[in-house]
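Since we're looking at a predicted model, the values are computed, not measured.
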Amino acid sequence: MTSRRVLLLIHLALVLLGLAYLVLSLTVSRTPDANIGAGLAALWLIALGSPWGWPLLAPGVVDSSSSTVLLAAASALLNLGLHALHSLRRDRPGSQVMRTRAPHRHP
């Protein structure tokens with residue numbers, strides 16, 4: 001297993017953990033107060049969805065509603081999809097990937 005696939009699996013696990021925590025925090029305890037668990041999960045997913053989720057952090061752009069949480073989850077899933085597409089494309093036989101390593105010189 002290549003290191004790119006290992007990183008993709010770790011990325012997948014982090015996004016799935018964040019989504020599972022988000023779903024649990026939204027469904028388990030319903031209170032009229034602010035849902036701190038959902039806020040923490042949204043911050044986690046915004047970090048995993050960078051840079052697409054950054055506008056959600058600007059003050060006054062969006063309110064603390066389900067649309068914010070949905071956009072945070074969508075940005076994390078978008079990054080996961082882009083990561084998977086990039087990894088699978090690089091591992092394809094015959095793909096032309098430029099090497100950035102400098103040539104080794106013998107003394």
**Request:** Apply side-chain contact (heavy atoms from CB on, under 4.5 Å) to the pair Leu8 and Leu80, showing each step before the final yes or no.
**Result:** CA-CA 8 Å; Leu8 181 61; Leu80 179 64; 4.3 Å; yes
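- Contacts classified as ring-ring contact (aromatic ring centres under 6.0 Å, His included) and involving residues 4-37 (residues at least two apart or in different chains) are given here: His11-His83.
- Side chain of Ser75 to backbone of Ala72: a donor-acceptor contact under 3.5 angstrom is found.
- In this structure, CG in Leu82 is found 11.0 Å from CG in Leu77, a value given to the nearest 0.5 Å.
- Applying the under-4.5 Å side-chain rule to Ile, Leu, Val, Met, Phe, Trp and Tyr, the cluster around Leu24 extends to Val28.
- Not counting sequence neighbours, the partners of Leu16 by the side chain to side chain contact (heavy atoms under 4.5 Å, CB included) test are Leu12.
- Under the 4.5 Å side-chain heavy-atom criterion for Ile, Leu, Val, Met, Phe, Trp and Tyr, Ile10 and Val15 are members of the same hydrophobic cluster.
- For Trp52, the side chain to side chain donor-acceptor pair (under 3.5 Å) partners at least two apart in sequence or on another chain are Asn79.
- Val23 belongs to no hydrophobic cluster, as no Ile, Leu, Val, Met, Phe, Trp or Tyr side chain comes under 4.5 Å of its own.
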In residues 41-50, what donor-acceptor pairs under 3.5 Å come from side-chain atoms, sequence neighbours left out?
from  : atom 1 : to    : atom 2 : distance (Å)
Trp44 : NE1    : Leu14 : O      : 3.3
Ser50 : OG     : Ile46 : O      : 3.3
Ser50 : OG     : Ala47 : O      : 3.1
Ser50 : OG     : Trp54 : NE1    : 3.0

